Amino acid sequence: MANDASAVSDTRSPQSLADPFTPAADSSLWRKNFLLGAATASYQIEGAVAEDGRLPSIWDTFSATPGKVLAGDTGAVACDHYHRWQEDVDMLAGLGLEGYRLSIAWPRVMGAAGAPNRKGLDFYKRLLARLKEKGITTFVTLYHWDLPQHLEDRGGWLNRDTAYRFADYADLMSRELAGSVDAWATLNEPWCSAYLGYGNGHHAPGLADGRFATQAMHHLLLAHGLAVPVLRANDPASQKGIVANMGRGTANSDSAADQRAAHLFEVQHNAWILDPLLKGAYPRDLFELWPGTEPLVLDGDLQTIAAPLDFLGVNYYFRTNLASDGAHGFTEVPPEGVERTQMGWEVHPDGLRDLLTGFRKTYANLPPIYITENGMASDDKVTDGHVDDTQRIAFLKRHLAAVDQAIKAGVDVRGYFLWSLMDNFEWAFGYERRFGVVHVDYATQKRTIKRSAELVAKFLRERKLLT
Ligand code: FCB
């Protein structure tokens, strides 16, 4: 229920008003039903890649290939969460975080012939039971990029059959875990799986062909569409949705050509996914940008893909400034003198607000939204037992203020997950880039709560006290 502003200003201490994170007194963030949590993903934190019958994934293969991941890092140990999950759940609960977004490793729970791997399943059953005990709302992603290698060996997402195998996997998981998951997300960021995985090769499996990217995307979206009704049938009480990374493109000038460039960028990042999901059609502009890359679409696929959703998960990190490339496409024009993170990404909270308000205008049937990832990497060091991640504190405060502005403009945003609960394996960048609100010392696996997490926890404690 919403707190009224007078109750807020009466209750908060003078210190809290001065702290660099606490949201403004009139922010929707004070509403107790606005879910505030943290997110992780299986390959990035679990480690134990060859334990209890887990099969190899495309990220095991990719990270073992020289030159693919910075410093040759792999997810073989990562945060050792597979063994330290109890400690990690206690840490999450200790911070008062109300939601946890995690993912299941497909190769951990299903054998090559489709039979369940009991030991792997038991890990997630114990984890989810413990989260429930602590009163934490769970968002479970079925596919956060760790495709079983045996499926890649048969073409991976270029093979239509992978979509049907995914539906089988969704069936198994929702039968086994029904009642212990609050919200299911089918896929995490299909754009990254399709474009980075099959279009430019920066991510596993490392293929690079424009035609592959659009076909892989089609099969990913088909997998999603086939899984949604299965999840509904097996676990009716939970919410069903998908998580997508959304890109904000701004035009470098008022010229029609630059405006068109920014539009095309957003088509390529957003409409490519949202149009089939919410309008049942691919955007035509996409194939003007990438001529000759139309995927093979069978009758009925687009209806399957447009299955109604209970929520849309939006991941947002930065904006991209664009100009026309003089032909039919766009080129990036990085602005100078702006704040950037350890990734080199521009800090641009308005982009999040503008995307959300834009989606509301574009899609009449836009489902309720959760920000399923937002955060930043910084080169955090532990000094005298503390990590003072000042840049992150300001980043989070400003992005949460942008979410509040979107809510006030009428967008139904119901929650926000920090990326990430703890430092972890940042894909092609390995362990160098630290996105956590908890620091991980990879030599000792010691976790140290960063200042940003302390301030989020403090805010949540204060919010809880308000009636
Ligand atoms: C997103 C991924 C997530 C994490 C963040 C920084 O693209 O979903 O796993 O790596 O970026």
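Just so you know, ligand 1 is whichever comes first in the structure, and atom 1 is the first atom listed for that ligand. Nothing here was measured: the structure is a model prediction, and the numbers come from that model.
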### Task
Have a look at Glu98 and tell me which of Leu35, Asn33, Thr137 forms a side-chain contact (heavy atoms from CB on, under 4.5 Å) with it.
Leu35
### Query
Only one of His81, His83, Glu87, Arg84 forms a side-chain contact (heavy atoms from CB on, under 4.5 Å) with Gln445, so which one is it?
Arg84
### Message
For the OH atom of Tyr100 and the CZ atom of Phe139, what is their distance to the nearest 0.5 Å?
### Response
14.0 Å
### Task
Let me know which protein residues bring a heavy atom to under 4.0 Å of ligand 1; chain then number is fine for ordering.
Gln44, His144, Trp145, Asn188, Glu189, Tyr317, Glu373, Trp419, Glu426, Trp427, Phe435
### Message
Angle between ring planes, Tyr195 versus Trp290, binned at 30° and 60°: parallel, tilted or perpendicular?
### Response
parallel
### Query
Taking only residues at least two apart or on different chains, which pairs with a member in residues 393-405 satisfy salt bridge (charged side-chain N to carboxylate O under 4.0 Å, His left out)?
Glu339-Arg398, Asp404-Lys408
### Query
Are the charged groups of Arg101 and Glu373 less than 4.0 angstrom apart, N to O?
yes
